[in-house]
Amino acid sequence: MIKQILGRLPRKPSKSSENREFGGSSAPPLSNPSHSRSSDIMGNHRLLIDNAPLPGPNSASTFGYSHGSRLSQVVDQKLNGNSGTAPYEALPGFKDVPSSEKQNLFLRKLSLCCVVFDFSDPMKNLKEKDIKRQTLLELVDYVSSANGKFSESVMQEAVKMVSANLFRPLTPQPRENKVLEAFDLEEEEPLVDPAWPHLQIVYEFFLRFVASPETDAKLAKRYIDHSFVLKLLDLFDSEDPREREYLKTILHRIYGKFMVHRPYIRKAINNIFFRFIFETEKHNGIAELLEVLGSIINGFALPLKEEHKLFLVRALIPLHKPKCLPMYHQQLSYCITQFVEKDCKLADTVIRGLLKYWPITNSSKEVMFLSELEEILEATQPAEFQRCMVAVVDSYSNAGVSMAMNVAERALYLWNNDHIESLIRQNRRVILPIIFPALEQNGHNHWNQVVQSLTLNVRKIFSDTDPELFEECLNKFRENTEKWEEIKTKHEAAWKRIEEIAVSNAANGEAVLVPRVPARWLKWLEKLNTQCFAPKIELAWMVKNIFSAASGPTLV
């Protein structure tokens, strides 16, 4: 009976099982930092921390990942009236202790800095906040001047301290106008975290800790694990640009030092992009993440893996879709150009993907697309250009006749690029017949004198390069214009006849029947009105022609 009772009691784990738990390939999961932070913040009470020596590396309490951490126990003891612990006071400096005690002091200082204060009230815990700030600065100096490998216990405490201070819920600050365009966000003053005086030093400490040659990646990867990296990536949504700048540098260092985490980091960034593109269209750190990816893509080995090509097609190209593209377009354009420069065969895929998201009503966004397309064409080889040149020239011709002056100018400046002009010259027999109507229309009808002047310069390039082809296109354009004039005259006569019949029927008291225009005709009209194969015709006039065509056979 006694044996049965004793057998039900929990047994104390052995040292070998503890070593297997904390010394394996994966680190223990981090706890929710918001819980420990809420237990650390007190009202007017003074915060306490245990100055007793830290337990050994096999003790679970040194990790600080569980809710029953030593710090929480100390705070609870103080709140319950137990005054047996020392107050939150500064520890001695590293120069005041012998070398043999410096590592133990370093661990105690890390534990001291795990306390998180409430910065919503600037007059609260002023003394404790200043003590913590000075301690953090001492930690930064110690890590920078370290001349020996960091032990596993140091790495545990360092990651614990960084997690307690940095991993917090990002609550967006209220704005007067919730719906803001990308250009309005650029003009807005950046929102700063009131706790930044401490956060900045914690970021600086962690950056130097990761970059330090004394940090062994094989040991550190147990604690800077997938869970830690994922929480670090979540902080990229911070509204403070200074924090995102630190995160960008730290993530780049982690990617370079911890090779085992590289696939996971790429996949996690990919998921952030998917959520941003297809769900929220709101994220503050897309530009910084793309900047990190630019360096990563630059280091890809050739030939490119299929995984990297899928990332380009499924994540990077669709990033042209969101309305806030101006916030990160420069970094996105650099990443895509890097892919084309590494593998020229991707040019056709990239260009067709870009044309898929080509803007129609947003002139400023269209200018960005034109600039990016020019950068891609600069890295495109003649064989790849021939695959997509019809679609590219068609889009450029539509942009060239745009009533938006900045769009038309940017499209015509394309001929200032020597490489692109060379590609066009080599394929002029295909390109000139497509673009010639747009050049003729711009040269005579565009309202802006600068656009007209640029158009005449482009016409001169073609006429000097191949006079025979230019004359052939000019004659064909004139023939098409004459045909359109004849059709226009017939349609106007037919419409006039309809009006006369309507007036006559109205005078006689008869009903006037107006033919209904099918929807597919209207779609065809809109498409035809955007082409440059003939002079532009007002859409209203074309609807008249449809009415005429619908009733023409019975009237003419």
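We use all heavy atoms of the structure for the numbers below, so side chains are in, but hydrogens, waters and symmetry mates are not.
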> What's the shortest heavy-atom distance between L423 and P382, and which atoms?
Replying inline: CD2-CA, 3.8 Å

> How far apart are the closest heavy atoms of F150 and M155, and which atoms are they?
Replying inline: O-CE, 3.6 Å

> So H226 and Y264, would you call those rings parallel, tilted or perpendicular, with 30° and 60° as cut-offs?
Replying inline: parallel

> For the residue pair G285 and R244, what are the closest heavy atoms and their distance?
Replying inline: CA-CD, 3.8 Å

> Should the pair F300 and H308 be assigned to parallel (<30°), tilted (30 to 60°) or perpendicular (>60°) ring geometry?
Replying inline: parallel

> Side chains of N125 and K132: donor-acceptor distance under 3.5 Å anywhere?
Replying inline: no

> Got R168 and V116 here, is their nearest side-chain heavy-atom distance under 4.5 Å?
Replying inline: no

>> Pair N362, S364 - check side chain to side chain donor-acceptor pair (under 3.5 Å), show working.
In response: CA-CA 6 Å; N362 191 333; S364 59; 2.8 Å; yes

> Is any side-chain heavy atom of R410 closer than 4.5 Å to a side-chain heavy atom of E374?
Replying inline: yes

>> Y203 vs R242, test: side chain to side chain contact (heavy atoms under 4.5 Å, CB included). Steps then yes/no.
In response: CA-CA 10 Å; Y203 274 117; R242 301 169 298 182; over 6 Å; no

> Got a second to check how far L370's CG is from L412's CG, nearest 0.5 Å?
Replying inline: 10.0 Å

> Would you say the side-chain atoms of K129 pair up with the backbone N or O of K124, donor to acceptor, closer than 3.5 Å?
Replying inline: yes

> Relative to the ring of W358, is the ring of F369 parallel (under 30°), tilted (30 to 60°) or perpendicular (over 60°)?
Replying inline: perpendicular

>> Using the side-chain contact (heavy atoms from CB on, under 4.5 Å) definition, which of the options I272, L251, N284, I286 pairs with F236?
In response: L251

> How many angstroms lie between CD in E204 and CG in L137, if you round to the nearest 0.5 Å?
Replying inline: 10.0 Å

> Minimum heavy-atom separation for R352 to A391, with atom names?
Replying inline: NH1-CB, 4.4 Å

> Just how far is it from atom CD of E89 to atom CD of E128, taken to the nearest 0.5 Å?
Replying inline: 9.5 Å

> Do other residues, nucleotides or ligands put more than 12 heavy atoms under 6.0 Å from the CD atom of Q330?
Replying inline: no

> Judged by atom type as modelled, is there a donor-acceptor pair below 3.5 Å linking the side chain of K342 to the main-chain atoms of T337?
Replying inline: no

> Should we say atom CZ of R266 is surrounded by more than 12 heavy atoms from elsewhere, each under 6.0 Å from it?
Replying inline: yes

> Is there a donor-acceptor contact under 3.5 Å linking the side chains of E375 and Y334?
Replying inline: no

>> With side-chain contact (heavy atoms from CB on, under 4.5 Å) as the test, pick out the partner of K309 among E307, K305, E306.
In response: E306

>> Would you compute the distance between atom CD of Q331 and atom CG of L289 and round it to the nearest 0.5 angstrom?
In response: 10.5 Å

>> Please determine whether the number of non-hydrogen atoms from other residues, nucleotides or ligands lying under 6.0 Å from atom CG of L302 exceeds 12.
In response: yes

> Just by distance, do the side chain of R253 and the backbone of K248 share a donor-acceptor pair under 3.5 Å?
Replying inline: no

>> Working to the nearest 0.5 angstrom, can you tell me the gap between E372 CD and S333 OG?
In response: 4.0 Å

> Taking the six-membered ring for Trp, is the centroid-to-centroid distance between F209 and Y223 below 6.0 Å?
Replying inline: no

>> Determine whether Y396 and L373 satisfy the following criterion, side chain to side chain contact (heavy atoms under 4.5 Å, CB included), listing intermediate values before the conclusion.
In response: CA-CA 10 Å; Y396 263 103; L373 190 54; 3.4 Å; yes

> Is there a side-chain contact between S153 and Q103 (heavy atoms, below 4.5 Å)?
Replying inline: yes

>> Looking at every non-hydrogen atom in both residues, tell me the closest pair between K257 and V210 and how far apart they are.
In response: NZ-O, 2.9 Å

>> I'd like to check V340 versus E384 (side-chain heavy atoms, cut-off strictly below 4.5 Å). Are they in contact?
In response: no

>> Walk me through whether V162 and F167 qualify under side chain to side chain contact (heavy atoms under 4.5 Å, CB included).
In response: CA-CA 8 Å; V162 171; F167 298 156; 5.5 Å; no

>> Is there a side-chain contact between S145 and F94 in this structure, where contact means two heavy atoms from C-beta onward sitting under 4.5 Å apart?
In response: no

> Y142 ring centre to K109 NZ or CZ under 6.0 Å, with the angle to the axis within 45°?
Replying inline: no

> Considering residues, nucleotides and ligands other than R314, do more than 12 of their heavy atoms fall under 6.0 Å from its CZ?
Replying inline: no

> Atom CG of L304 and atom CG of L310: how far apart are they, to the nearest 0.5 Å?
Replying inline: 11.5 Å

>> Here's a test for you: under side-chain contact (heavy atoms from CB on, under 4.5 Å), which of I201, I254, V140 qualifies with F206?
In response: I254

>> What verdict does the side chain to side chain contact (heavy atoms under 4.5 Å, CB included) test give for T349 and L312, after you've listed the backbone C-alpha separation in whole Å, the side-chain angles of each residue and the deciding distance to 0.1 Å?
In response: CA-CA 10 Å; T349 302; L312 167 67; 5.6 Å; no

>> Looking at every heavy atom in both T380 and A347, which two are closest together, and how far apart are they?
In response: OG1-CB, 3.6 Å

> With a 4.5 Å heavy-atom cut-off, do H198 and N165 have their side chains touching?
Replying inline: no

> Taking side chain as C-beta onward, heavy atoms only, is C324 less than 4.5 Å from F276?
Replying inline: yes

>> Under the criterion side chain to side chain donor-acceptor pair (under 3.5 Å), I'd like the reasoning laid out for D118 against S120: C-alpha separation, chi angles, the key distance, then a yes or no.
In response: CA-CA 6 Å; D118 182 9; S120 59; 2.6 Å; yes

> Taking the side chain from T249 and the backbone from E245, do they hold a donor-acceptor pair closer than 3.5 Å?
Replying inline: yes

> Under the 3.5 angstrom rule, does the side chain of Y246 hit a backbone N or O of L199 as a donor-acceptor pair?
Replying inline: no

> Do I297 and L316 have side-chain heavy atoms sitting under 4.5 Å apart?
Replying inline: yes

